[in-house]
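Have a look at the structure below before the remarks.
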Protein chains: 2
Amino acid sequence: MSLRQIAQSLGVSITTVSRALAGYSDVSAATRERVVAEAHRIKYVPNEVARRLQRGRADGIGFIVPGGARGFDDRYFLNMVEGAWWRLSGTEVDLLVLSSDQGPTEALTYRRIVEGGRVDGLLVPRIRENDSRIDYLCEVGFPFIAFGAEPSHPKAYAYVDIDTEAATAEAMRHLAELGHRSVALLSSDEPMVFARSREAAFLKAAAGLGISTTILCGKLAEASGFAMMSELLARPDRPTAAISITDRIGIGAVRAVREHGLTVGPDMSVITFGDNPVVAFMHPPMTAISIPVQAMTAHAVDYLLARRDRADAPLTRIWKTELIVRESTAAPRGRSLASDLPLAV
Amino acid sequence: MSLRQIAQSLGVSITTVSRALAGYSDVSAATRERVVAEAHRIKYVPNEVARRLQRGRADGIGFIVPGGARGFDDRYFLNMVEGAWWRLSGTEVDLLVLSSDQGPTEALTYRRIVEGGRVDGLLVPRIRENDSRIDYLCEVGFPFIAFGAEPSHPKAYAYVDIDTEAATAEAMRHLAELGHRSVALLSSDEPMVFARSREAAFLKAAAGLGISTTILCGKLAEASGFAMMSELLARPDRPTAAISITDRIGIGAVRAVREHGLTVGPDMSVITFGDNPVVAFMHPPMTAISIPVQAMTAHAVDYLLARRDRADAPLTRIWKTELIVRESTAAPRGRSLASDLPLAV
DNA sequence: CTGTTAGCGCTTTCAA
DNA sequence: TTGAAAGCGCTAACAG
C-alpha cells in the first residue's frame, strides 16, 4: 500500500496522488475524488518513516530519562510523561521515552538522539550544575527545554521551573505562624540545580522570618529521608519542623517520625515539595507544596512543537505552586500560638 | 555529517564507507581504519530515519495508552512505561508512548501506527471483550503482546497476565482465616477482560470456602470506590470485607470507611489488587495483591524484540502474584478466630 | 492542472 | 576488495 499502487491503478503519476492526498488545491476535483476513493479502497496509510526522511523532520518529541541505576526513580518523571503524552494525543507527533546513562557515554547518547534525527525536540529534566548536556544542545542549536533552570549558564535557553522562592517562603510562613522557630531542610547533595535553589530559598526565607536553620543532605529516596529524619530526631536541640525537597524523602521522613514513637505534626511537622498523589493518602496526609508538573510539561511540549516551524526566542516560564495544608503540620507541642509570635519583617 | 561527506573526503565510494562502518569483513583493514578515523573526526552519527526506511524496520516499540478522557488513569500504565523503558535502555530501540482514543477512530489510529511503520511491535494493555484491536492485529500479522488475556478469542495471540484465580483464592483464604464469612468485590462494569476474570475468580474462590458474596460495579476511580463502599456500608447485612479489583477503587473505599467513622480492618477489611506503592503508605497500610507489572512488561518487550527477527510462536506467560498482608485486613469485630472456623474444602 | 526529475541518507544486490 | 546502480516511499522543484 504505497502511493505507487494508487498511481498505477489509476494511471496517474505518483506526484498527482501525493498532491491529491495532501489536499493541495492545484489538482482537479475529479482527479482528487478518484484518488481519494482509491486510497480509501485499498486502505492506504502513508509510510511515516519515508515521510520523515523526505521532510527532514522526525515528528517526535523525546523525553530523556536519566538512566543508570536511577531511571524512573521518582513519580515526577511519570507525571512528566503523562503531561507530554496528553498534549501529544491527537497530533501526528510521537512521544519517545529515551534513556541516557550519566557518565562518559552520555554525550554520545545525546548526539545519537539529536543528530540521528529521531526527534524534533527534547525535554531535559533534572538539570545539573555546569550541565554539559545544556552546553551541547545550545551549541548545535537543537530545540530543547530544560526542567529547572541553571541561572548561571552563559547562554540563554528555554526552561520551565517553579517559583522556588515564593513556594518556600509560603511554606516557611505557614510554619512560623504555627509557632515553629527552628526548621530543617532535608535535601540532597547530588549535583542537581533544583536542590541548590531550594536550599538557597530556604535560607533566605528563614532569615526573613528569624527562624534558625539546619540543612541535611542525602539521596533522593525514602530510605535516605528516613535516615536524615532519624539523625534529626537524635539531636537534643532538634528542630520542630522539616521541609523535604522531594516526595520520596518526605515519605521516608514521616515514617521515621512514626517509628520513633512520635506524632507527625505536634512532635515534628513535615512539608514536602510534592507531585505525588501518595502524600494526600498517607498517615497523616502530608502538607505539600504542589508542583503542576503535568501542566508544565504540556507547556514545554507546546514550545517544542512551535519551535519546529520557527525559531522562537527561548521560552522561560515560572510556575506558581500551591501550599496544600494537611495534617502533617501543626503547632509544636508546648508552644505558643501564632498570635503572640514576633513575626519578623 | 553523512556517509557522503566521509566518502568525499577520503575519495572512496559511499558503499565502502557504509561497509567499513558496519564492520563488514570484506573491506581492507587499511581502508576501514581510514574510514573509521574520518568518521570519528567529523563526529559522524548515522541518520536513524534513513536507516529505518532502508531496512524496513522501525527500531521502536509502541505502548498504546487508551486515550480520551481516561488516558493514564492508573499508575498501572506508568509502571508499564517504566518496565518497558528499563528493558529498552541501552538498546537502539525506542519506546514510543502512543495514544488511541476509543471509538470509531480507534481502528484508524491503529492502522496508522502499524502500517505507517512507526514501530516494530506493540504493547496493548486493557484488553476488552471481543476486542477489535486484537482482531485487526492478528489479521495483519503484526507483532503485539496483550496485557490480560481474552481467553475466548478464536486466534491464539501473545499475552502476559497474572494468575488471577490463584491470587484471588489466596486473598479469600486470608480473609476466611481471619473469620470473614461475607465478602464483597468492588469491580467495574466497563468492558475489560481483567474485571470479568477477577469477578469469576472471586465467585469461584468464595464458593470453595463457603463465603457469601456481593459484587458491586462502578468505574475505575477513587470516587467510584468511595461510592461503592458507601453503598456497602449502608446495608444492614453488610459484608465484613471487600476486595477491590484496582488500587484506585481500593483507595476510595478505604477513605469511605474512615469517613463513616469506622475502622478499616475490624469494621471493614479491604484488600486491593495493587501495583501502586501508594497503598503501603496509606492509613492504614493496605493489604494488597502485588502484581509484578514492570517485570511483566520487560518480558513482553523481550518477546517483541525477538519477534522482529523471527516469527516465534505466540508467547503466553502467567505470573504469580504475592499477597502482602498489611493492616487493612483484620478479624471482623465480634467474630471468632480462625481456629474454630469450619473451613470448607 | 499534471508529469518528470531529483533526492532525503542509507543499505544491498550485482559487477568488476 | 571496491564501486556503480537501484531503491526503501515519499515530497518538492521545475517544467509543460
Side-chain angles (χ1 to χ4, degrees), chain A residues 1-36 38-39 42-60 92 111-120 308-309, chain B residues 1-36 38-39 42-60 92 111-120 308-309:
Chain A
M1 49 211 69
S2 58
L3 288 185
R4 171 149 41 175
Q5 278 178 42
I6 301 177
Q8 282 176 346
S9 317
L10 261 39
V12 296
S13 74
I14 293 179
T15 315
T16 302
V17 176
S18 172
R19 279 197 277 245
L21 258 21
Y24 285 177
S25 57
D26 56 355
V27 60
S28 72
T31 308
R32 173 182 301 118
E33 204 162 307
R34 286 173 60 218
V35 168
V36 169
E38 178 66 7
I42 71 164
K43 300 193 174 180
Y44 169 74
V45 173
N47 180 310
E48 279 301 325
V49 180
R51 185 175 264 181
R52 286 167 187 183
L53 177 61
Q54 156 63 29
R55 297 216 266 231
R57 185 189 257 217
D59 281 336
E92 291 285 285
R111 294 237 323 281
R112 276 219 266 256
I113 291 167
V114 166
E115 295 164 39
R118 288 148 75 179
V119 295
D120 297 318
R308 299 195 311 165
D309 297 319
Chain B
M1 52 212 65
S2 58
L3 288 185
R4 173 152 39 177
Q5 277 178 42
I6 301 177
Q8 282 175 347
S9 318
L10 261 37
V12 296
S13 72
I14 294 179
T15 316
T16 302
V17 176
S18 172
R19 278 197 277 245
L21 257 22
Y24 286 177
S25 57
D26 55 356
V27 58
S28 73
T31 307
R32 172 182 302 120
E33 206 162 304
R34 286 173 58 219
V35 168
V36 168
E38 178 66 8
I42 71 165
K43 301 194 175 180
Y44 168 73
V45 173
N47 180 309
E48 281 299 325
V49 179
R51 187 175 261 181
R52 287 167 186 181
L53 176 61
Q54 157 63 30
R55 297 215 265 232
R57 185 189 259 215
D59 282 335
E92 290 286 283
R111 293 236 325 278
R112 276 219 267 257
I113 291 167
V114 166
E115 295 164 38
R118 289 148 73 181
V119 295
D120 297 317
R308 299 196 309 166
D309 297 317

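Quick note: numbers below take in every heavy atom, side chains included, and nothing from hydrogens, waters or symmetry partners. To find a chain, count down the sequence lines: A is the first, B the second, and so on, and within it residues start at 1.
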*From B:Leu10 CG over to B:Thr16 OG1, what is the distance, rounded to the nearest 0.5 angstrom?*
10.0 Å
*asked:* At under 4.0 Å between heavy atoms, how does the protein contact nucleotides 7-16 of chain C? Give one character per nucleotide, 5' to 3', with B, S or -.
replied: BBBBBB----
Donor-acceptor pairs under 3.5 Å, side chain of residues 50-57 of chain B to any protein atom, not counting sequence neighbours: which ones?
residue: B:Arg52; atom: NE; partner: B:Ala58; partner atom: O; Å: 3.1
residue: B:Arg52; atom: NH2; partner: B:Asp94; partner atom: OD2; Å: 3.0
residue: B:Arg57; atom: NH2; partner: B:Asp309; partner atom: OD1; Å: 2.6

*Could you tell me the separation between the CD atom of A:Glu33 and the C1' atom of C:dC1, rounded to a whole number of Å?*
16 Å
*List for me each residue that meets side-chain hydrogen bond (donor to acceptor under 3.5 Å, both in side chains) alongside A:Thr31, sequence neighbours excluded, and say none if there are none.*
A:Ser28
*Could you tell me whether the phosphate oxygens of D:dT2, OP1 or OP2, come under 4.0 Å of any side-chain nitrogen or oxygen in B:Ser28?*
yes
*asked:* Without decimals, in angstroms, what is the distance between A:Leu21 CG and D:dG9 P?
replied: 16 Å
*Straight-line distance of A:Asp59 CG to A:Arg308 CZ, nearest 0.5 Å*: 5.0 Å
*Among A:Arg34, A:Arg4, A:Glu38, which residue meets the side chain to side chain donor-acceptor pair (under 3.5 Å) test with A:Ser9?*
A:Glu38
